[in-house]
There are 2 protein chains.
Amino acid sequence: MEFNRIIFDEFKHIPLFQALDDSQLEAIFSTTKKMALPPKTTLFERDSPAEHFYMLHRGQIKLFFLSQDGDEKVVEIIYPNQTFAEAVMFMPEHIYPVSAESIIESEVFRFDIRFFRNLLGNSRETCFRLLAIMGKHLHARVNEIDNLTLHNATYRLVVYLLGQLPDSVTELSAIHLSIPKNIIASRLSITPETFSRIMMQLSKKGYIEVHGNDITLLDVDGLRALL
Amino acid sequence: MEFNRIIFDEFKHIPLFQALDDSQLEAIFSTTKKMALPPKTTLFERDSPAEHFYMLHRGQIKLFFLSQDGDEKVVEIIYPNQTFAEAVMFMPEHIYPVSAESIIESEVFRFDIRFFRNLLGNSRETCFRLLAIMGKHLHARVNEIDNLTLHNATYRLVVYLLGQLPDSVTELSAIHLSIPKNIIASRLSITPETFSRIMMQLSKKGYIEVHGNDITLLDVDGLRALL
DNA sequence: TGGGTAACTTGACCTTAATCAAGGACAAGC
DNA sequence: GCTTGTCCTTGATTAAGGTCAAGTTACCCA
């Protein structure tokens, strides 16, 4: 990719890259490709050979898998400035365990796994950073299994809503759902119908107020008490 | 721990340790403790500070978490010669994400995380091994989420049974459930009652034959076809 | 050898959330 | 404007699996 100061500076702020020096960053830079993705563009597919990992620059990406009969489960939603599929670098089979597709028009940077892996040999600190990232992912997955097996749909939805709060706000907080409800539903492993019904229940009980994708949490403490 | 040639040789075969030289291994050895665990002994608890990881030498350990009202979900079952809780080494908060308890009388080796982490700085190859292990764990968790969200209880149970087969045997294969059925049930996120009923159904349909913990898979291809 | 406990099974019933079906809201394009 | 498609909502129904309760089996240990 042609050198671009602004993008280069952006790279410096990627957590995974923080321990690298300028010459290493430049090397990565020169092997990187910037890609524009129209909405609903497949970036990679589950079980296909993994040669790249990515950083989302603009837009939204969903990571998901499909069942035999076409049901989709969204595992994670990627927001700008997040790297994703880094974990695949050290997966034994070198295949993607999930598929990735843009939700809206997006831009990603594509990094070469092989190249980065070599670079990793020279930077213990970057190794440690990658380990920390994998640890975080692993923890998140374990928590998801907890949520799926020990908690019901309402619990998961309320956790999601509270998670959308900017900080520890306690009253009358407005949140905006930036992704379609059916994708949030899939992320939470519930059907769109059930999602809709639970939102209606929470409204009726006075916990929230819904106007399309804008939601006001009328009673944050009440919602917390549901957990 | 007092030096013991036999145990020392055993350490050499732990995947995570394979890249270490004898002096490094000896250093680990000297900071290791062998622990005997009676049945149902807690080894560590979820959310408690993580200072050690372990290798199971003999017995069986379950990794699990509890819901507020005491329901238990078994996340993984550890068999001899497996290391576990290594992933915690690089988790940001340094706490165990799950609890661990012996199922039967067991023996574990306990390793110091801090010490091993330092050692990791001098062994790139060991870093890579740990990364590979974390990658494997992560993949396993993602697959579990797939199973939980996209497949039903029968599917999960059949996958488990087929997974117990030594190799790609195709007919009249006997397997033995070495762990209590209720723990397998929890591992598969189904109740003991449902577990029992599904086994009965599979028996009635002629796929399997059950005598206590000894199960004969009468029709392996038929079972595979259910998936 | 018998008593006690934990594990397992079975039956009846219930709850949760999925499915099926229909209609409404909204935006994009002609 | 109207059409088309996508997303969302709502209602009626169903299915899967959980819960509760009662027994049975198996095993441990005095």
Side-chain angles (χ1 to χ4, degrees), chain A residues 38-40 60 62 67-74 77 101-105 147-158 160 176-204 208-215 226, chain B residues 38-41 60 62 67 69-74 77 101-105 147-158 160 176-204 208-215 226:
Chain A
K40 307 204 180 185
Q60 288 163 356
K62 64 178 178 188
S67 71
Q68 272 123 351
D69 36 61
D71 290 343
E72 175 179 306
K73 157 65 183 164
V74 173
I77 297 160
E101 187 186 293
S102 57
I103 299 173
I104 57 175
E105 214 242 315
N147 279 336
L148 287 172
T149 54
L150 255 23
H151 299 290
N152 63 19
T154 302
Y155 180 101
R156 297 201 295 276
L157 180 41
V158 170
Y160 182 83
H176 177 78
L177 304 181
S178 61
I179 39 180
K181 289 180 184 174
N182 59 3
I183 293 182
I184 298 175
S186 173
R187 172 70 250 278
L188 301 176
S189 296
I190 52 188
T191 58
E193 292 95 324
T194 300
F195 183 94
S196 191
R197 278 187 257 269
I198 294 173
M199 291 293 268
M200 179 52 67
Q201 281 172 31
L202 293 175
S203 295
K204 274 188 186 153
I208 63 174
E209 203 175 87
V210 183
H211 296 289
N213 290 325
D214 292 300
I215 296 167
L226 292 181
Chain B
K40 306 205 182 188
T41 308
Q60 288 164 356
K62 65 178 178 188
S67 71
D69 36 61
D71 291 343
E72 175 179 306
K73 158 64 184 167
V74 173
I77 297 160
E101 188 186 292
S102 57
I103 299 173
I104 57 176
E105 213 241 316
N147 279 336
L148 288 172
T149 56
L150 256 22
H151 299 290
N152 62 20
T154 302
Y155 180 101
R156 296 202 295 277
L157 180 42
V158 170
Y160 182 84
H176 177 78
L177 304 182
S178 61
I179 38 180
K181 289 180 182 173
N182 60 4
I183 293 182
I184 298 175
S186 173
R187 171 72 248 278
L188 301 176
S189 297
I190 52 188
T191 59
E193 292 95 324
T194 301
F195 183 95
S196 192
R197 279 188 256 270
I198 294 173
M199 291 293 268
M200 180 50 67
Q201 280 172 33
L202 292 175
S203 295
K204 275 190 185 152
I208 64 175
E209 204 175 86
V210 183
H211 297 287
N213 290 323
D214 292 302
I215 296 165
L226 292 180

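Throughout, protein chains are lettered first and strands after them, A, B, ... in sequence-line order, and every chain is numbered starting at 1.
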So which protein N/O to nucleotides 18-22 of chain D N/O distances come out below 3.5 Å?
unit_1: D/dG18; atom_1: OP2; unit_2: B/Thr191; atom_2: N; d: 3.4
unit_1: D/dG18; atom_1: OP2; unit_2: B/Thr191; atom_2: OG1; d: 3.3
unit_1: D/dG18; atom_1: OP2; unit_2: B/Thr194; atom_2: OG1; d: 2.9
unit_1: D/dT19; atom_1: O4; unit_2: B/Arg197; atom_2: NH2; d: 2.8
unit_1: D/dC20; atom_1: N4; unit_2: B/Glu193; atom_2: OE2; d: 3.2

Task: B/Lys73 side, atom NZ; A/Thr149 side, atom OG1 - distance, nearest 0.5 Å - done: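 Here the interatomic distance stands at 5.5 Å.
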Task: Distance (rounded to the nearest 0.5 Å) between B/Ile198 CD1 and B/Glu193 CD - done: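 One gets 11.5 Å once the value is rounded to the nearest 0.5 Å.
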In whole angstrom, give the distance that lies between atom [atom1] of [X] and atom [atom2] of [N].
X        : N      : atom1 : atom2 : answer
A/Leu157 : C/dA17 : CG    : P     : 11 Å
B/His211 : C/dC8  : NE2   : C1'   : 16 Å
A/Leu148 : C/dA17 : CG    : P     : 12 Å
B/Ile198 : D/dA16 : CD1   : P     : 11 Å
A/Ile179 : D/dC7  : CD1   : C1'   : 14 Å
A/Glu105 : C/dA27 : CD    : P     : 19 Å
A/Gln201 : C/dA17 : CD    : C1'   : 11 Å
A/Ile104 : C/dA28 : CD1   : P     : 14 Å

Open item on the list: Under 4.0 Å, heavy atoms only, any strand: does B/Met199 hit a base, just the sugar-phosphate, or nothing?
Closed with: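 Touches nothing.
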TODO: Run the numbers on A/His176 and A/Asp214 for side-chain hydrogen bond (donor to acceptor under 3.5 Å, both in side chains), then give the verdict.
DONE: CA-CA 5 Å; A/His176 177 78; A/Asp214 292 300; 2.7 Å; yes
TODO: Could you tell me whether the side chain of A/Gln201 and the main chain of A/Thr154 form a donor-acceptor pair under 3.5 Å?
DONE: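 Answer holds: no.
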Task: A/Asn182 side chain near D/dC8 phosphate (N/O to OP1/OP2, under 4.0 Å) - done: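 Answer is yes, contact under 4.0 Å.
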- [ ] May I ask you to verify if any side-chain N or O of B/Lys40 is less than 4.0 angstrom from the OP1 or OP2 atom of C/dA6?
- [x]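 So the side-chain polar atoms of B/Lys40 never come under 4.0 Å of the phosphate oxygens OP1 or OP2 of C/dA6.
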Task: A/Ser186 to A/Glu72 - nearest heavy-atom pair and separation - done: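 It is OG-O, 3.3 Å.
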TODO: Mind listing the closest non-hydrogen atom pair of A/Ala153 and A/Thr194 along with its distance?
DONE: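 Distance-wise, the nearest heavy atoms are CB-CG2, 4.5 Å.
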Task: Close side-chain approach of B/Tyr160 to B/Leu177, heavy-atom, < 4.5 Å - done: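 Yes, at least one pair of side-chain atoms sits under 4.5 Å.
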Task: Of B/Lys204 and B/Ile183, the one whose closest DNA chain C nucleotide lies more 5' - done: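 Result: B/Ile183.
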